[in-house]
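Labels below follow one simple rule: chain letters A, B, ... track the order of the sequence lines, proteins then strands, and each chain is numbered from 1.
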Number of protein chains: 2
Amino acid sequence: MFDPVCPSGLSPIRVGDKWAGMIIRCLEQGPRRFSELRVPLRGITAKVLTQSLRGLERSGLVVRTVHAGPPRQVEYGLTPLGRSLLEPMAALCAWTEEHWDELLDAREAETAI
Amino acid sequence: MFDPVCPSGLSPIRVGDKWAGMIIRCLEQGPRRFSELRVPLRGITAKVLTQSLRGLERSGLVVRTVHAGPPRQVEYGLTPLGRSLLEPMAALCAWTEEHWDELLDAREAETAI
DNA sequence: CTGAATCCTGCAAGATACTG
DNA sequence: CAGTATCTTGCAGGATTCAG
């Protein structure tokens, strides 16, 4: 999942910052803890994950809930607004999948020049 | 159209670089010339417009055709692939419009803190 | 008219180290 | 465990100027 080798950068569409889209998809199945999010998002640093999550919070797409510790536990989950974003995002993923080879072709034709 | 005062930056979704989405919408009705594109995209510099167009070309979303001059004329138009992108983009615009106030609310609640 | 060339700036993103 | 603090770097984006 989210293999760094995967050239998803080919897709011309992005949600929020570099990681926001993946984060949202990670939360699709339900709330996740901070360190649970770090697993599928290979290579993300704590700082960047925090930044991205704060941004999503600011946009009202994600909620942050703290369960008292220790050990401290913080869960991130989608708001209804964030959840509503899943539908158009799915449409985008469908488009990208559908035209994946065309995008690749365009890129290859380019590098051939 | 594309008033710089309009805070479209609120939408968490973007197509390509900063201007790509707008360029595609400008081409929706048919091919446009370079300087025709500069009009609705207030404030874009020639360099940035060129960059963005080249990027769209590289992705196979836009075609560039030169009509001999002088005066030289260059037209940009959507490819079938670029045109196919209009549909999911419309879905995104619909989502953004629909949740515009929620996005604004989230932002205001934030600045209130 | 349609760019290319050059320079500049700000911010996103990452590396690293530290904290309650 | 869940961050913050600090520093560095790369690149997108813009201003300005020049060219075919």
Report the nucleotide, chosen from [options], that has the shortest atom-to-atom distance to any side-chain atom of [X].
{"X": "B:T45", "options": "C:dT2, D:dG3, D:dA15", "result": "D:dA15"}
{"X": "A:Y76", "options": "D:dG3, C:dA13, C:dT2", "result": "D:dG3"}
{"X": "A:D17", "options": "C:dA13, C:dG3, D:dG3", "result": "C:dA13"}

Would you say [N] has OP1 or OP2 under 4.0 Å from some side-chain N or O of [X]?
{"X": "A:S35", "N": "D:dA2", "value": "yes"}
{"X": "A:K18", "N": "C:dG14", "value": "yes"}
{"X": "A:R64", "N": "D:dG3", "value": "yes"}
{"X": "A:R33", "N": "D:dA2", "value": "yes"}
{"X": "B:T50", "N": "C:dT2", "value": "no"}
{"X": "A:R54", "N": "D:dG3", "value": "yes"}

Does [X] reach the side chain of [Y], with side-chain heavy atoms less than 4.5 Å apart?
{"X": "A:L86", "Y": "A:L78", "result": "yes"}
{"X": "B:E75", "Y": "B:R64", "result": "no"}
{"X": "B:C26", "Y": "B:E36", "result": "no"}
{"X": "B:L103", "Y": "A:L81", "result": "yes"}

Whole angstrom value for the distance that separates [atom2] of [N] from [atom1] of [X]:
{"X": "B:L49", "N": "C:dG3", "atom1": "CG", "atom2": "C1'", "value": "10 Å"}
{"X": "A:R42", "N": "C:dA13", "atom1": "CZ", "atom2": "P", "value": "20 Å"}
{"X": "A:I44", "N": "C:dA15", "atom1": "CD1", "atom2": "P", "value": "11 Å"}
{"X": "A:E75", "N": "D:dG3", "atom1": "CD", "atom2": "P", "value": "12 Å"}
{"X": "B:L37", "N": "C:dG3", "atom1": "CG", "atom2": "C1'", "value": "13 Å"}
{"X": "A:K47", "N": "D:dT8", "atom1": "NZ", "atom2": "P", "value": "13 Å"}
{"X": "A:Q51", "N": "D:dA2", "atom1": "CD", "atom2": "P", "value": "18 Å"}
{"X": "A:I23", "N": "C:dA13", "atom1": "CD1", "atom2": "P", "value": "10 Å"}

Which is true for B:V48 with a 4.0 Å heavy-atom rule: it touches a base, it touches only sugar-phosphate, or it touches nothing?
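Result for B:V48 = base.
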DNA chain C: 5'-proximal contact among A:A46 and A:W19 (nearest heavy atom)
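So the residue in question is A:W19.
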With a 3.5 Å cut-off and no angle check, do the side chains of B:Y76 and B:R32 form a donor-acceptor pair?
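B:R32 and B:Y76 do not have a side-chain donor-acceptor pair below 3.5 Å.
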